[in-house]
Amino acid sequence: MSYNLSEGSLEVIMNGGHYDKPIMQVLGSKKIQGSGANERFRLLVSDGRHSHSFAMLATQLNDKLITGELSDYSVVQIDRFVTSLLKNTGKGEKRVMIILDITIIAPGTSVGKKLGNPQTWTEESATSNPAPVMQPVPKPNLIPTPMSKPASTTGMNMNTSINSSLLSSQMTHPIASLSPYQNKWVIRARVMNKSGIRTWSNAKGEGKLFSMDLFDESGEIRATAFKNECDKFYDMIQVDKVYYISRCQLKTANKQFTNLKNDYEMTFTADTVISECTDDSSSLPDIKYDFIPINTIADKSPDTIVDIIGVCKYAADIQELTAKSTGKLLKKREVTLVDSSGGAVSLTLWGSEAEKFDGSSNPVVVAKGARLTEFNGSKSLSCLASTMMRLNPDLAEAHKLRGWYDNGGADMDIVNISANGEWLTFRDAESRQLGSGEKGDYYSLLGVITFTFSDNAVYKACPQDQCNKKLVDQDNGLYRCEKCNREYPNFKHRLLMTASVSDPTGDQRVTAFNEAAEAVLARPAAELGQLLDYDKSGYAQAFDDVKFKTFVFKFRAKVETHNDETRLKTIVMNAQPVDYKDANARLIKSIKTITGIQV
DNA sequence: CCCCCCCC
């Protein structure tokens, strides 16, 4: 098998000319920056005559390298690329090619060797001053009078003739080529996401800001507007619109705070110029989504950032809560999304997003960049400030889902991966050897309380909010907390109850901590504490009353080892009254499954 | 210059 490389194409491109879909061979690759989501790779490519390491892979193609699909010696067709002249510290200018689309014609393993005898392309091989090939900017009035100000707040040694030639040639730069070392550029970018205005006040001062995520075909970048720029640009910047943007400050992005694939971020300055691009936005890509089927979320790790699309099957009421760490009042709404994978997942919305959400018409919900969280063994998604949400977007996937849902999907049996464990019997739990794993196993069970142990079920706990340690009575009116290492005149009552639960297949000794025990006994811990101290028979009655009551239990099973003795510990996560409609539906379903009778 | 992204 022989491969026809596009001999000479590299020289044409390096000289700023265009070459349609050149065929080249990849001779090597190197990570040039970042890690994880911010990786960027440079390729050594050859056209058979020359080789050069000037090619950068657009980050959306990183996977091809990481998975090995794009291995050394691969022969590829470069379907789409842009080039950009970078000013290189001390070395004049340097052209880079950003590969936007690539077809692998032959994998490296089947080529197996370097084709031809390519010579390393050098600057000296360049012919004179080419016309750069870039997208023309259709003359918006955006570029300030060139050189009216001394360039650079970065302290770089800017060459003004290069600056003015870059400006006068009116071309746009790919976002992927932006760096702090080069501050004369214009990007043409679509707004993917825009934050609200946020204010801050700390030791260093106060102010306000908003930020936005921008992207073009080469990559994406976060941009932030502070104070004056916040006021100046907030109304102008609109999600999904395309803008020419120039004269921003670039700085290293703090990866701790961003999911965007860029090592840099932009800050608007007093010099920043932005103008909307109204004439031809079609050549800019739409927002890229990497949707995953809902039923695959269960296999992913907590903190994974995912793009999700689903029909809103239910939207819970808004809930208000106080964040323990900050004391901040929070509003949240949990929305259940379903898709044709047969999975359902809970997505948590926050703040104004939660307030304004209306799920009554079962909208298709898109969330780009939601975070997977795990709580009590079940996985769900949560919106971050950087998560982009859309309702009923004009997307092929959204229309397909709408069709699926409206034509039977709404009635499909779904598995809710955010539901707290599957429905099991005690026999199931035993035969599956639940609880042998590191984290324990969670399951739901319909069962009867057969016995409650009232002795020591109430204790005097440390009054500190976070501390529930049992106090030592000092017999002097003070109680000592060993954990806090201090004494208190007061305490709070908490519950720690042992009980027996039975279902038709077996029984189990279980432990219920405070809230779960309160739910079982239908009394607050403080009241039981009062009964214990002042009304012993009332106390005993409270524990008797609950015997032979049926609950829907959520259990956590975990095998624990104490003094060489292992036993299964089952903790009641919560106990709820039986929803008979729901319980009967499950019963009927399992009868159908067991008997094979479909009605 | 922000950097919060939460809760059970």
Side-chain angles (χ1 to χ4, degrees), chain A residues 38 153 193-213 221-234 248-260 262 264-270 272 302-306 316-335 346-355 367-389 418-421 442 465-466 468 512-516 518-519 554 556 571-576:
Chain A
N38 292 306
T153 49
N193 205 7
K194 171 191 171 185
S195 79
I197 292 177
R198 204 156 51 86
T199 58
W200 81 88
S201 172
N202 58 30
K204 292 180 205 158
E206 56 186 54
K208 58 178 166 178
L209 71 114
F210 82 101
S211 61
M212 72 211 80
D213 298 337
I221 194 163
R222 153 73 51 94
T224 307
F226 291 97
K227 298 174 184 174
N228 291 342
E229 288 73 56
C230 176
D231 290 336
K232 190 168 164 189
F233 292 116
Y234 185 77
C248 301
Q249 189 183 62
L250 273 126
K251 59 175 190 173
T252 305
N254 188 338
K255 283 168 199 163
Q256 197 184 339
F257 303 118
T258 172
N259 310 315
L260 292 193
N262 202 317
Y264 305 112
E265 59 186 27
M266 309 189 341
T267 304
F268 289 1
T269 71
T272 294
D303 293 338
T304 308
I305 302 292
V306 301
D317 290 338
I318 201 152
Q319 270 178 273
E320 291 196 7
L321 50 106
T322 308
K324 269 191 184 141
S325 50
T326 59
K328 245 190 346 192
L329 187 67
L330 304 171
K331 286 179 179 164
K332 72 159 188 176
R333 189 194 297 275
E334 287 191 6
V335 165
S346 166
L347 173 70
T348 305
L349 316 183
W350 297 95
S352 61
E353 206 112 67
E355 285 180 293
K368 183 180 169 60
R371 187 165 71 182
L372 203 159
T373 63
E374 186 170 3
F375 180 70
N376 277 356
S378 66
K379 285 166 180 166
S380 63
L381 300 174
S382 184
C383 285
L384 306 174
S386 56
T387 303
M388 188 201 78
M389 261 194 50
S418 302
N420 212 331
Y442 295 81
D465 204 23
Q466 306 289 353
N468 296 319
F513 292 105
N514 199 53
E515 289 76 10
E518 286 181 328
K554 301 279 168 66
R556 176 178 185 265
I571 290 169
V572 181
M573 303 309 296
N574 70 59
Q576 291 179 321

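Every chain is numbered from 1 and lettered A, B, ... according to where its sequence line falls, protein lines coming before strand lines. All values reported here derive from a predicted model rather than from experimental measurement.
- Although no hydrogens or angles enter the test, the distance criterion places a donor-acceptor pair under 3.5 Å between the side chain of A/Thr387 and the main chain of A/Gly369.
- In terms of position along DNA chain B, the nucleotide closest to A/Thr387 lies nearer the 5' end than the nucleotide closest to the other residue of the pair A/Thr387 and A/Thr322.
- Of all nucleotides in DNA chain B having an atom under 4.0 Å from a heavy atom of chain A, the first and last in 5' to 3' order are B/dC1 to B/dC8.
- Contact annotation for A/Glu229: no contact, since no heavy-atom pair falls under 4.0 Å across all strands.
- A/Arg371 comes within 4.0 angstrom of the backbone, heavy atoms only, and of no base.
- Residues A/Ser380 and A/Thr224 both approach DNA chain B. Their nearest nucleotides, taken by heavy-atom distance, put A/Thr224 toward the 5′ side.
- Of the residues listed (A/Ser380, A/Pro302, A/Ser418), the one engaging A/Glu374 in a side-chain contact (heavy atoms from CB on, under 4.5 Å) is A/Pro302, and it is the only one.
- In terms of the side chain to side chain donor-acceptor pair (under 3.5 Å) criterion, A/Thr348 has no residue partners (sequence neighbours excluded).
- Across all strands, A/Lys208 comes closer than 4.0 Å to no nucleic acid atom at all (heavy-atom distances).
- Judged by distance alone, with hydrogens and angles left aside, the side-chain atoms of A/Arg333 form a donor-acceptor pair with the main-chain N or O of A/Ala316 at under 3.5 Å.
- Not counting sequence neighbours, the partners of A/Arg222 by the salt bridge (charged side-chain N to carboxylate O under 4.0 Å, His left out) test are A/Asp213.
- Residue contacts shown for A/Lys331 are absent, as no nucleic acid heavy atom lies under 4.0 Å away.
- A distance-only check finds no donor-acceptor pair linking the side chain of A/Lys554 to the backbone of A/Gln576 [under 3.5 Å].
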